[in-house]
Amino acid sequence: MRETSAPVKVLVALTTALVTIPLVGSAAGSVAAFDDVGVRVDAIAAFGAPSRGVGNVVNKVVVIGIDGLMFDKADATQAPRLRHLAAQGLLSQGTIAGHITVSGPSWASALTGVWDTEHGITDNEFDGGPFLAHPSVFTRIERADPSKHTVAIGTWHQIATIAATGDRRADLALTTAPVPDDPDESATDAATATEVISTIQRSGPDLTFTHLDQIDLAGHRHGGASRAYLSAIRRVDELVGTIVAAVDRRAATNPHEQWTVLVTTDHGHLPTGGHGGQTPAETANFVIARGPDFSPHTTDTHTLVDITPTILDLLATPPGRLDGHSIRTRPTTDTR
């Protein structure tokens, strides 16, 4: 959910430099692209299988936050990379009924592990105050081990607000500047993905969180039942594939690193567009967890509030009191 309000801060390396980053894949994509059924993607070739680290294993986590995505729509569009990723690990299609189905409250819950009733955020206009009482996953990791490298790179500026707040903050919090002449945000999301890939390949952060926004924009403008919404899903599916491929390349050249990819969303969309209510379309939620510690299966018990506890579990960080729970299904074993 892109807004235009308070500028976000941190580390200085911010925003504007990302405009010049070359785009990943074919970002543009129009509604008509959805009708091109002649294009077939070999999802298995898009990226490999998760690999278990060897020797002195170091866990690494990438979280891909996809704003406004209903997974059943991804399934319906035959989004091959998301489906392949889900088949490689845990897929939970649950509900966040009772929670406010708005981006601010939801991403705050995903990145703190507590529900809106705890952190108190009710809309998209918020500052860092709530994260003093309810620290973000970045703060918890940095408090426990300042040597950990944590990064947030997103299309929506409020992700950086969350990551850049607290006595300990993400080492890097970037908001991608809007690419000019990008009415559907596809080029801006592609610039976000390009920076994520570069960061993974360059420094292999312990935690990388990224946010992609164009599906939500399509839902607001055209509705969750529209071809524009489905086209946006296909474009984001391509970006997800490039990020996961970068993770696998990094793992192949750094065999002691054991990588987990988590994917989730903040809310669904009404067929005619919009969210914020409690209909099944708006409260639909999903989590994908792909990595050596996640046995492939499907469930309906896990949602966005379980993202932070899972990250903390993987990175051996004390969780504190959280509403969510780790969804790790298979603990790491020493294979030496």
(request) Kindly indicate, with the supporting measurements, whether the criterion ring pair (Phe, Tyr, Trp, His ring centres under 6.0 Å) is fulfilled by His119 and His134. (result) CA-CA 6 Å; His119 58 61; His134 300 284; 7.3 Å; no
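- At most 12 heavy atoms of other shown residues, nucleotides or ligands fall within 6.0 angstrom of atom CZ in Arg321.
- Using bins of under 30°, 30° to 60° and over 60° for the plane-to-plane angle, the ring pair Phe209/Trp107 lands in the perpendicular bin.
- The distance between the ring centers of Phe286 and His302 does not fall below 6.0 angstrom.
- Put simply, the residue from Thr176, Thr188, Asp189, Asp67 that forms a side chain to side chain donor-acceptor pair (under 3.5 Å) with Thr155 is Asp189.
- A donor-acceptor pair shorter than 3.5 Å cannot be found between the side chains of Gln93 and Thr298.
- Salt bridge annotation for Arg250-Glu257: present, with a cationic side-chain nitrogen under 4.0 angstrom from a carboxylate oxygen.
- The CG atom of Leu82 sits 6.5 Å away from atom CG of Leu69, with the distance rounded to the nearest 0.5 Å.
- In this pair, Trp156 and His211 present their aromatic rings tilted. The plane angle is within the 30 to 60° band.
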(request) Please assess Ile153 against Val151 for the test side chain to side chain contact (heavy atoms under 4.5 Å, CB included), listing each intermediate value before the final yes or no. (result) CA-CA 7 Å; Ile153 302 168; Val151 171; 3.6 Å; yes
(request) Could you walk me through whether Arg169 and Glu142 pass the side chain to side chain contact (heavy atoms under 4.5 Å, CB included) test, one step at a time? (result) CA-CA 7 Å; Arg169 307 175 179 188; Glu142 297 290 345; over 6 Å; no
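- In this view, Asp75 and Arg83 satisfy the side chain to side chain donor-acceptor pair (under 3.5 Å) rule, not counting sequence neighbours.
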(message) The test is ring pair (Phe, Tyr, Trp, His ring centres under 6.0 Å); show your working for His267 and His99 and say whether it passes.
(response) CA-CA 10 Å; His267 53 71; His99 173 81; 9.9 Å; no
(message) Before you tell me yes or no, could you show the steps for Gln201 and Arg249 under side chain to side chain contact (heavy atoms under 4.5 Å, CB included), namely the whole-Å CA-CA distance, both residues' side-chain angles and the distance that decides it to 0.1 Å?
(response) CA-CA 8 Å; Gln201 293 176 334; Arg249 289 194 300 272; 2.6 Å; yes
(request) Mind running side chain to side chain contact (heavy atoms under 4.5 Å, CB included) on Asn124 and Val102 for me, showing each step along the way? (result) CA-CA 7 Å; Asn124 292 331; Val102 173; 3.4 Å; yes
